[in-house]
There are 2 protein chains.
Amino acid sequence: MTLVIVKPRKGIVPTESRRRMVESAAILLATRGLDGTAFSDVLEHSGAPRGSIYHHFPGGKDDLVEEAMALAGERALGVLDAVVGQPPIDITQRFLDVWRQVLIRSELRAGCAVLAVTVAADSTDLLDRAAAIFRAWRVRLADLYIQGGMAADPARRLAAIVVSATEGAVVISRAERSLEPFALVAEELLALTPTA
Amino acid sequence: MTLVIVKPRKGIVPTESRRRMVESAAILLATRGLDGTAFSDVLEHSGAPRGSIYHHFPGGKDDLVEEAMALAGERALGVLDAVVGQPPIDITQRFLDVWRQVLIRSELRAGCAVLAVTVAADSTDLLDRAAAIFRAWRVRLADLYIQGGMAADPARRLAAIVVSATEGAVVISRAERSLEPFALVAEELLALTPTA
DNA sequence: GTCTATACGAAGATAGAC
DNA sequence: GTCTATCTTCGTATAGAC
């Protein structure tokens, strides 16, 4: 089981308030979007001290956002470590669980921070980071499916649709404030996944 | 074939510049997101006169955004009118085509305006509008699948995953600036759809 | 590491003339 | 229907003290 931690940058000691800021940013991005998440919101939500923003994130908001996305990215990857070597159906189930929990715990108010950044990003840099995370999820799922006995091509296609459909379903369930769209998609994705 | 037009509000005559503003807003929302789309951007893009914003949209930005979303919603619905009565595979193909075209014509820069608004909406009103559009797509697809010979429940599940996976794939292809994720998902969705 | 104060720019909205 | 001017709010970022 991979430890889910924020990767500290070289030379920067990760303090507690810094860690909380990244954590809060991830939640707020997933809930209010990129431009809806101001530094002031992150400070309020995290309880972090006002004066330390540019100390911890010299590159400004983009620095913070990149780390928050990375955190979200590693969280989803980390959860998959628990099902290494298990059949494909368990892999899909586990990935779906992550996002079902996000929806339920937030009362259908939060979604995916990476997706939120993608649709509002104005810099290629942020887009690159988002792309890397989506790709990492897809590649990781495909690998696990292959380990679970699937051939490479079907595994890659399944991984692609699992990530895409889940992301889309989260957005739509948020919009409708109902778990129904997500549940329908989950059912179909599981039906698509080999049981052994 | 449904005419794809902006529904004028009662008492407001839809002028040409007004129409262009809605059109431009739809494109910009899909490209830069909700907060990334300012009135000034819409004016510049549409060439509409500066002084007429609050004349045409008394409710301000939300008014304009709602109409832009509605336009995007009806566009996708309108395209489906051409495949009424055809087998499910043609329905899925057609829906995918809409979004493939959005990606290709924008050089992977534009996505879905409704999704963009959903992840950044701060009012329940905008969220409701977005939800209604997602739901309309889903219901319409399911109806067409049923007309094409599918049973009600499988048709509803298929419709749900087609909309969700397509929306997700558009976001991910944008992030990666590659059509590959979308192509993989399209392939899988077509494999999922009955051919007759 | 953390603080306050402030510069700077952007955006939504309103008022009133033409 | 369209124009300009302006008010107001807000957010990022910087400077410099503690």
Side-chain angles (χ1 to χ4, degrees), chain A residues 6 8-25 27-29 31-69 116-117 119-123 125-126, chain B residues 6 8-25 27-29 31-69 116-117 119-123 125-126:
Chain A
V6 186
R9 313 216 148 183
K10 296 184 194 86
I12 293 183
V13 181
T15 63
E16 183 57 20
S17 67
R18 187 190 144 88
R19 201 194 57 75
R20 275 205 307 269
M21 277 192 247
V22 175
E23 181 89 36
S24 291
I27 294 170
L28 291 170
L29 285 172
T31 310
R32 310 184 192 174
L34 179 58
D35 293 310
T37 301
F39 268 133
S40 56
D41 298 324
V42 174
L43 291 171
E44 189 183 351
H45 187 274
S46 63
R50 297 207 146 272
S52 58
I53 304 174
Y54 286 87
H55 172 73
H56 289 306
F57 306 98
K61 189 172 177 178
D62 281 8
D63 263 21
L64 174 59
V65 169
E66 282 181 14
E67 290 208 35
M69 279 197 291
V117 172
V119 301
D122 49 354
S123 81
D125 221 65
L126 285 179
Chain B
V6 185
R9 314 215 147 186
K10 297 184 192 87
I12 294 183
V13 181
T15 62
E16 183 56 21
S17 67
R18 187 190 143 86
R19 202 194 56 75
R20 275 204 309 269
M21 279 193 245
V22 174
E23 182 89 35
S24 291
I27 294 170
L28 291 170
L29 285 172
T31 310
R32 310 184 192 174
L34 179 58
D35 294 311
T37 301
F39 268 133
S40 56
D41 298 324
V42 174
L43 291 171
E44 190 183 351
H45 187 275
S46 63
R50 295 208 144 272
S52 59
I53 303 174
Y54 286 87
H55 173 74
H56 289 307
F57 307 97
K61 188 172 177 177
D62 282 8
D63 264 21
L64 174 59
V65 169
E66 282 181 13
E67 291 209 34
M69 280 197 292
V117 173
V119 303
D122 50 353
S123 82
D125 221 64
L126 286 178

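Here the structure is a predicted model, which is why all the values come from computation and not from measurement. Below, read A as the first sequence line, B as the second, and so on, with proteins coming before strands; counting in each chain starts at 1.
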Inset, instruction - Would you indicate, yes or no, if dT2(D) has its OP1 or OP2 atom less than 4.0 angstrom from a side-chain nitrogen or oxygen of His55(B)? - result: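 Result: no.
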Legend entry - Under-4.0 Å side-chain N/O to phosphate OP1/OP2 contact, Ser17(A) with dT2(C):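 Checking dT2(C) against Ser17(A), a side-chain N or O does come within under 4.0 Å of OP1 or OP2.
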Inset, instruction - Report yes if a side-chain nitrogen or oxygen of Ser52(B) is closer than 4.0 Å to either non-bridging phosphate oxygen (OP1 or OP2) of dT2(D); otherwise report no. - result: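 True: Ser52(B) side-chain N/O within range (under 4.0 Å) of dT2(D) OP1/OP2.
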Inset, instruction - Report the distance from atom CG of Leu34(A) to atom CG of Asp35(B), rounding to the nearest 0.5 Å. - result: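 Rounded to the nearest 0.5 Å, the CG-CG separation comes out at 8.5 Å.
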Inset, instruction - Report the nucleotide, chosen from dG1(D), dC3(D), dT2(C), that has the shortest atom-to-atom distance to any side-chain atom of Pro49(A). - result: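 Of the candidates, dT2(C) comes closest.
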Inset, instruction - Whole angstrom is fine here: how far is it from CG in Leu43(A) over to C1' in dT12(D)? - result: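 Spelled out: CG on Leu43(A) to C1' on dT12(D) is 12 Å.
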Inset, instruction - Taking the side chain as every heavy atom from C-beta outward, state whether His56(A) and Val22(A) have any pair of such atoms under 4.5 Å apart. - result: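 SC-SC contact between His56(A) and Val22(A) ruled out.
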Legend entry - Under 4.0 Å protein heavy-atom contacts per nucleotide of nucleotides 11-18 of chain C, with B for base, S for backbone only and - for none: SSBB----
Legend entry - Between CD on residue Glu66(A) and NZ on residue Lys61(A), distance to nearest 0.5 Å: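 One gets 13.0 Å once the value is rounded to the nearest 0.5 Å.
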Inset, instruction - Considering just the side-chain nitrogens and oxygens of His56(A), establish if one lies under 4.0 Å of OP1 or OP2 belonging to dT2(C). - result: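 Yes.
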Inset, instruction - Might you point out which heavy atoms bring Leu29(B) and Ala116(B) nearest each other, and give the distance in Å? - result: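 Leu29(B) and Ala116(B) have their closest heavy atoms at O-CB, 3.5 Å.
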Inset, instruction - Give the rounded distance in Å between these two atoms: CD1 of Ile53(B) and P of dA5(D). - result: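 So the CD1-P distance, Ile53(B) to dA5(D), works out to 15 Å.
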Inset, instruction - Quickly work out the Phe57(A) CZ to dG1(C) P distance and round it to whole Å. - result: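 Roughly 12 Å, once rounded to whole Å.
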Legend entry - Spatial distance of atom CD (Glu44(A)) from atom CG (Leu28(A)) [nearest 0.5 Å]: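 Between atom CD of Glu44(A) and atom CG of Leu28(A) there are 9.0 Å.
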Inset, instruction - Would you mind reading off the distance between Glu16(A) atom CD and dG1(C) atom P, rounded to a whole angstrom? - result: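 From Glu16(A) CD to dG1(C) P: 12 Å.
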Inset, instruction - Using atom CZ of Arg20(B) as one end and atom C1' of dG1(D) as the other, report the distance to the nearest whole Å. - result: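 Whole-Å distance recorded here is 14 Å.
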Inset, instruction - With rounding to the nearest 0.5 Å, note down the distance linking CD in Glu23(B) to CZ in Arg18(B). - result: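 Answer for the CD-CZ pair, Glu23(B) versus Arg18(B), is 13.0 Å.
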